[in-house]
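Since the structure comes first, as structure tokens, the remarks are kept for the end.
Every number for a ligand or one of its atoms is a count from 1 in the order of the listing. No hydrogens, no waters, no symmetry mates; every other heavy atom, side chains included, goes into these values. Being a predicted model, the structure only gives us computed values, none of them experimental.
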Amino acid sequence: MEYNQKIRTFLLQQGASEVGFSKVGETLTEVLLPEYHTALPLQYAVSIVVKLSDVVVDTVTDKPTHAYFHHYRTVNSLLDRLALQTGLYMEQHGFHYFPVAASQSINGYQGMFPHKIAARLSGLGDIGKNALFLSKQYGPRVRLATVLTDMPFEQETEPGGGCIGCGKCVSLCPAMAISGRAFDSRNPMQELVDRPACSDYMKRHFQKIGRGSVCGVCIQCCPVGNHTKEQ
Ligand code: B12
């Protein structure tokens with residue numbers, strides 16, 4: 001618990017909204033792209049969550065906005081900095097770390113390691129029909145980073161929270177890429193979201209807004225964690 005508390009306090013002070021810890025195990029670190037697989041068993045993960053601005057997210061309608069694209073990039077750079085600072089702290093204490101980039105596609109539709117897996121295992125939330133991680137507190141209105149490490153952490157809570165099954169993401173996705181199936185960690189995520197359809201649509205329609213790499217409709221329309229609607 002000692003390390004959980006130290007890392008959480010540090011990250012919350014530096015601007016993280018939520019921090020989660022999980023024992024991902026060696027099996028899961030194999031999800032890391034092989035060329036990045038280190039010889040070290042990095043069995044633990046720190047999930048760093050930064051909440052998006054509700055005002056900015058709500059500028060998204062059936063398409064993204066320049067404000068959302070800029071916010072996306074700013075939050076990514078904060079996440080990358082927090083992951084690096086966390087890792088440097090780990091090294092100072094004799095441990096190893098691997099910071100997973102907030103947003104970097106390497107093999108087409110794949111990053112080095114999927115943040116959503118570690119965030120879900122940490123108990124901070126679950127994966128919705130929109131294939132996004134839904135934080136118990138903020139729903140999908142968050143971005144994520146992960147630090148894989150051999151610094152030992154204790155798992156704090158079981159997965160929980162999640163999708164209410166309203167189907168808004170299914171009907172409003174402009175790319176019609178969301179199938180409406182519920183998440184099951186035994187099945188490929190491709191069953192939930194058609195990645196090429198989502199990516200191609202963004203590239204074709206939103207080139208001038210977010211260089212074809214953002215959309216945000218499935219975040220904006222999700223009622224989970226949308227506290228602006230409650231007021
Ligand atoms: C490539 C990528 C894309 C691709 C593919 C999307 C996808 N669903 O994978 C495209 C371009 C289509 C895309 C679109 C979007 N993306 Co994107 N994207 C990524 C990126 C860089 C890599 C994702 C990846 O590696 N996928 C590959 C597969 C293998 O991973 P996976 O989907 O998690 O599926 C595996 C797990 O579910 C696993 N699994 C689950 N549980 C368990 C348990 C065990 C034990 C094991 C072994 C495995 C396992 O099984 C699956 C198969 O291996 C991540 C950042 C990151 N590194 O995570 C951001 C990320 C997923 N994207 C994000 C966002 C917000 C978006 C968009 C909304 C665009 C935007 N920013 O406006 C859309 C949403 C599309 C959607 N509804 O899913 C956020 C999601 C935040 C959240 N709240 O969940 C992320 C996490 C970036 C971030 N730093 O926050 N994205």
Show me which atoms of ligand 1 lie under 4.0 Å from any heavy atom of [X].
{"X": "S185", "result": "41 (N), 42 (C)"}
{"X": "S105", "result": "1 (C), 21 (C)"}
{"X": "Y72", "result": "71 (N)"}
{"X": "F183", "result": "37 (O), 40 (C), 41 (N)"}
{"X": "A131", "result": "78 (O)"}
{"X": "C218", "result": "74 (C), 77 (N)"}
{"X": "P140", "result": "83 (N)"}
{"X": "K116", "result": "8 (N), 32 (O), 33 (O), 61 (C), 84 (O)"}

Strictly by modelled atom types, are [X] and [Y] linked by a side-chain donor-acceptor pair under 3.5 Å?
{"X": "E156", "Y": "N4", "value": "yes"}
{"X": "Q207", "Y": "R211", "value": "no"}
{"X": "E18", "Y": "S135", "value": "yes"}

For [atom], decide whether some protein heavy-atom distance is shorter than 4.0 Å.
{"atom": "atom 60 (C) of ligand 1", "result": "no"}
{"atom": "atom 88 (C) of ligand 1", "result": "yes"}
{"atom": "atom 85 (C) of ligand 1", "result": "no"}
{"atom": "atom 77 (N) of ligand 1", "result": "yes"}
{"atom": "atom 18 (N) of ligand 1", "result": "no"}
{"atom": "atom 32 (O) of ligand 1", "result": "yes"}
{"atom": "atom 3 (C) of ligand 1", "result": "no"}
{"atom": "atom 54 (C) of ligand 1", "result": "no"}

inquiry  = Is the distance between the ring centroids of Y89 and Y97 under 6.0 Å?
reply    = no

query = Between I178 and C169, what is the shortest heavy-atom contact and its length?
reply =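 The answer is CD1-O, 3.7 Å.
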
key: Distance-minimising heavy-atom pair for V24 and A45   = CG1-CB, 3.7 Å

Is the shortest N/O to N/O distance between [X] and ligand 1 below 3.5 Å?
{"X": "C215", "value": "yes"}
{"X": "V100", "value": "no"}
{"X": "G216", "value": "yes"}
{"X": "S213", "value": "no"}
{"X": "A102", "value": "yes"}

[atom]: the protein heavy-atom neighbour that sits closest, reported with distance to 0.1 Å:
{"atom": "atom 66 (C) of ligand 1", "result": "L132 CD2, 4.6 Å"}
{"atom": "atom 14 (C) of ligand 1", "result": "C198 SG, 3.7 Å"}
{"atom": "atom 64 (C) of ligand 1", "result": "R143 NH1, 4.0 Å"}
{"atom": "atom 56 (C) of ligand 1", "result": "H115 CD2, 3.2 Å"}
{"atom": "atom 21 (C) of ligand 1", "result": "Q104 O, 3.6 Å"}
{"atom": "atom 11 (C) of ligand 1", "result": "M202 CE, 3.8 Å"}
{"atom": "atom 39 (N) of ligand 1", "result": "I117 CD1, 3.5 Å"}
{"atom": "atom 25 (O) of ligand 1", "result": "G111 N, 2.8 Å"}

ask   = For the residue pair H93 and Y3, does the interplanar ring angle fall in the parallel (under 30°), tilted (30 to 60°) or perpendicular (over 60°) class?
value = perpendicular

request  = Take the angle between the ring planes of Y72 and Y68 and call it parallel below 30°, perpendicular above 60°, tilted in between.
outcome  =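 Rings of Y72 and Y68: tilted, as their planes differ by 30° to 60°.
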
Any [X] side-chain heavy atom under 4.5 Å of [Y] side chain:
{"X": "K63", "Y": "C215", "value": "no"}
{"X": "L124", "Y": "K136", "value": "no"}
{"X": "S122", "Y": "F21", "value": "no"}
{"X": "M151", "Y": "I7", "value": "yes"}
{"X": "Q14", "Y": "Q85", "value": "yes"}
{"X": "Y44", "Y": "L148", "value": "no"}

message = Below 4.0 Å from ligand 1: does a non-hydrogen atom of Q190 turn up there or not?
response =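 Under 4.0 Å: no for Q190.
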
query = Where the side chain of S199 meets the backbone of P196, is there a donor-acceptor pair that is under 3.5 Å apart?
reply = no

message = Using only atom types and a distance under 3.5 Å, with no angle test, would you say the side chain of R8 pairs donor to acceptor with the backbone of V19?
response =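 Answer holds: yes.
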
Ligand 1 contact on [X] by region, counting heavy-atom pairs under 4.0 Å:
{"X": "Y68", "value": "side chain"}
{"X": "I219", "value": "side chain"}
{"X": "V214", "value": "both"}
{"X": "N130", "value": "backbone"}
{"X": "P114", "value": "both"}

task = Answer yes or no: does atom NZ of K168 have more than 12 heavy-atom neighbours from other residues, nucleotides or ligands under 6.0 Å?
result = no

task = Go through the structure and list residues passing salt bridge (charged side-chain N to carboxylate O under 4.0 Å, His left out) with K51, not counting sequence neighbours.
result =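 Partners of K51 under the salt bridge (charged side-chain N to carboxylate O under 4.0 Å, His left out) test: D54.
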
ask   = Given the rule in the salt bridge (charged side-chain N to carboxylate O under 4.0 Å, His left out) test, do D126 and K116 qualify, once you have shown the distances and angles that lead to the verdict?
value = CA-CA 8 Å; D126 208 347; K116 289 180 283 183; over 6 Å; no

query = Stepwise, does the ring-ring contact (aromatic ring centres under 6.0 Å, His included) test hold for F113 with F98?
reply = CA-CA 10 Å; F113 175 90; F98 187 101; 8.9 Å; no

